[in-house]
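Here's the structure we're looking at; comments come further down.
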Amino acid sequence: FCLMALVPHNSVFGWGIWAHYRINHGAVLSLPDTLGAFLYRHIDYMTEESVVPDVRKHDLNDRAEAIRHYIDLERFGEGKLTELPRSYKAAIEKYSQDSIKKNGMLPWTLTDHVQMLTKAFREKNKAEILFLAADLGHYVGDAHMPLHTSLNHDGQYTGQKGIHSFWEAELPELFGHEYHLYSGQAGYITDVTEAVFSVLMRSHTLADTLLQTEAALRLGKSDKDLYCTDDSGHIRKNKFGQPEFNKEYAQKYHVALKGMVERQMKAAMKFAADLWFTAWVDAGRPRLDDMDSMGAVKKSKSDFESESRAFRQSGKMPEIATSDEYSF
């Protein structure tokens, strides 16, 4: 059984459409009433726009965008990551701007977006609020994908080419319906910068486990045990020239990871909600109902309460249609 039957070609990078949709959607459902009801009125936008940073990166080949999605923490010295300057200004003073950009801007992308979102809330700029919150949810997802913190981002140095999309796109789409993703209502983060770096350090500690688990699992196995083959017995490849793993091997890897994908997706959902909530609180908890029509406000309130209550009780995400509009 081949994964291609379930995983569309456009979900290969950046957690994949399936997971990014659910991280943003679930984060909205994890918010308290005032903020949650506002973002829920725009839930389709918040959900579908979650993949736009990847569209800018892959479809539009935006070089400025590409560096926002990762940070190669090994470049800063294993065991010395606590010494990595937290502010962007201090980081470029220590390592140079070229070096920082080459090795990834993910932590400062996150902190900058929180600051910009706070400003947008304060100014009650609805378009900016939605745009920045959706983008921020995407980058939070990337921060919880361990290989977004590693030089060996696709297993290219360990003979595991293709493991990036295998872990972040194929596994959640195949097995995510089993996940329980609710982890509590959003809370205020006192120190956003330290929280961001803590998340990245934690993700980085999982990178080796992710890689070593798969390396150990493939020992003694032939390519036919790992990959899909065509009628001629040749290994099938996706649009990026990477071999397609079969479902049986995916199942074994998913089990061997002992819930890692589920935990990281769950943590991403909670952290996105926490950051949105923190930005709103720091903006002075502005009233949000007056940015939409009274009819939309009344309808969304009951719908939000119903769906968020169901999410809290079951831990399961509602069904979300995955668009084929994006082709990154």
Side-chain angles (χ1 to χ4, degrees), residues 3-31 35-59 65 68-69 110 113 117 129-145 148 164-183 186 254 261-276 300 303-304 306-308 310-312 314-328:
L3 296 180
M4 206 61 179
L6 290 179
V7 183
H9 71 275
N10 55 5
S11 65
V12 173
F13 286 101
W15 267 105
I17 289 176
W18 193 96
H20 272 305
Y21 270 19
R22 282 153 183 80
I23 288 170
N24 269 22
H25 196 108
V28 171
L29 299 180
S30 302
L31 292 166
L35 179 56
F38 168 70
L39 291 179
Y40 187 81
R41 287 197 289 276
H42 310 281
I43 192 65
D44 289 344
Y45 179 95
M46 292 296 298
T47 302
E48 294 182 12
E49 291 293 303
S50 66
V51 298
V52 167
D54 276 341
V55 174
R56 293 195 297 263
K57 181 174 67 170
H58 294 293
D59 278 3
E65 179 64 47
R68 297 175 186 144
H69 296 245
L110 288 165
H113 271 67
L117 181 59
I129 290 169
L130 297 175
F131 172 76
L132 291 167
D135 269 15
L136 179 56
H138 178 97
Y139 298 126
V140 166
D142 285 355
H144 286 79
M145 198 294 175
H148 277 267
H164 192 120
S165 61
F166 185 32
W167 190 97
E168 72 172 13
E170 296 169 354
L171 293 184
E173 182 147 353
L174 281 167
F175 308 111
H177 62 281
E178 303 169 357
Y179 296 170
H180 286 73
L181 296 170
Y182 183 71
S183 60
H254 191 254
V261 181
E262 179 179 357
R263 287 193 300 274
Q264 289 304 101
M265 194 172 166
K266 184 175 183 176
M269 195 176 289
K270 178 64 161 60
F271 195 54
D274 290 347
L275 291 179
W276 295 340
S300 69
D303 289 348
F304 171 70
S306 176
E307 190 169 333
S308 61
F311 184 40
R312 289 195 304 272
S314 71
K316 295 290 190 72
M317 287 293 301
E319 289 299 318
I320 300 172
T322 301
S323 172
D324 289 328
E325 176 182 355
Y326 307 111
S327 59
F328 51 90

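Everything numeric in this text was worked out from a predicted model, so none of it was measured.
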Across all chains, not counting sequence neighbours, the side chain to side chain contact (heavy atoms under 4.5 Å, CB included) partners of Ala134 are Asn24, Tyr45, Met46, Glu49

Closest non-hydrogen atoms of Phe311 and Ser30, given as atom of the first, atom of the second and distance, are CE2-OG, 3.7 Å

key: Minimum side-chain heavy-atom gap Val52-His20 below 4.5 Å   = no

Rounded to the nearest 0.5 Å, the CG atom of Leu31 sits from the CH2 atom of Trp276 at a distance of 6.5 Å

Are side-chain heavy atoms of Met145 and Trp167 found at a separation under 4.5 Å? yes

Between Arg22 and Ile320, the two heavy atoms sitting closest are NH2-O, 3.1 Å

Sorted by chain and residue number, the salt bridge (charged side-chain N to carboxylate O under 4.0 Å, His left out) partners of Lys266 (sequence neighbours excluded) come out as none

Quick one: does any side-chain atom of Trp15 pair with a main-chain N or O of Gly141 as donor and acceptor, under 3.5 Å?
yes

Rounded to the nearest 0.5 Å, the CD1 atom of Ile23 sits from the CG atom of Asp142 at a distance of 8.5 Å

- prompt: Taking the side chain from Trp18 and the backbone from Pro172, do they hold a donor-acceptor pair closer than 3.5 Å?
  reply: no

The side-chain hydrogen bond (donor to acceptor under 3.5 Å, both in side chains) partners of Asp303 (sequence neighbours excluded) come to Lys299

Hits for side-chain hydrogen bond (donor to acceptor under 3.5 Å, both in side chains) against His113, two or more places apart or cross-chain, chain-then-number order -> none

The side-chain hydrogen bond (donor to acceptor under 3.5 Å, both in side chains) partners of Glu65 (sequence neighbours excluded) come to Arg56, Arg68, His69, Tyr139

Applying side chain to side chain contact (heavy atoms under 4.5 Å, CB included) to Arg312 and not counting sequence neighbours gives Tyr182, Ser308, Arg309

ring-ring contact (aromatic ring centres under 6.0 Å, His included) filter on His42, not counting sequence neighbours, yields Phe38

For Leu136 and Leu117 the tightest heavy-atom approach is CD2-CD2, 4.1 Å

Quiz item: Any side-chain heavy atom of Ser50 within less than 4.5 Å of one from His25?
Solution: no

Sequence neighbours excluded, the answer for side-chain hydrogen bond (donor to acceptor under 3.5 Å, both in side chains) partners of His144 is none

Heavy-atom closest pair (Gly36 atom, Val28 atom, distance to 0.1 Å) is O-CG1, 3.9 Å

task = Apply side-chain contact (heavy atoms from CB on, under 4.5 Å) to the pair Leu29 and Tyr40, showing each step before the final yes or no.
result = CA-CA 8 Å; Leu29 299 180; Tyr40 187 81; 4.0 Å; yes

Aromatic plane relationship, His254 with Tyr179 - under 30° parallel, 30 to 60° tilted, over 60° perpendicular | parallel

Here the pair of heavy atoms bringing Ala169 nearest to Gly16 is CB-CA, 4.1 Å

Taken in chain and number order and not counting sequence neighbours, the residues that satisfy side chain to side chain contact (heavy atoms under 4.5 Å, CB included) with His180 are Glu262, Lys316

Rounded to the nearest 0.5 Å, the CE atom of Met317 sits from the OH atom of Tyr21 at a distance of 12.5 Å

Residues Leu181 and Met265: closest non-hydrogen pair is CD1-CE, 4.0 Å

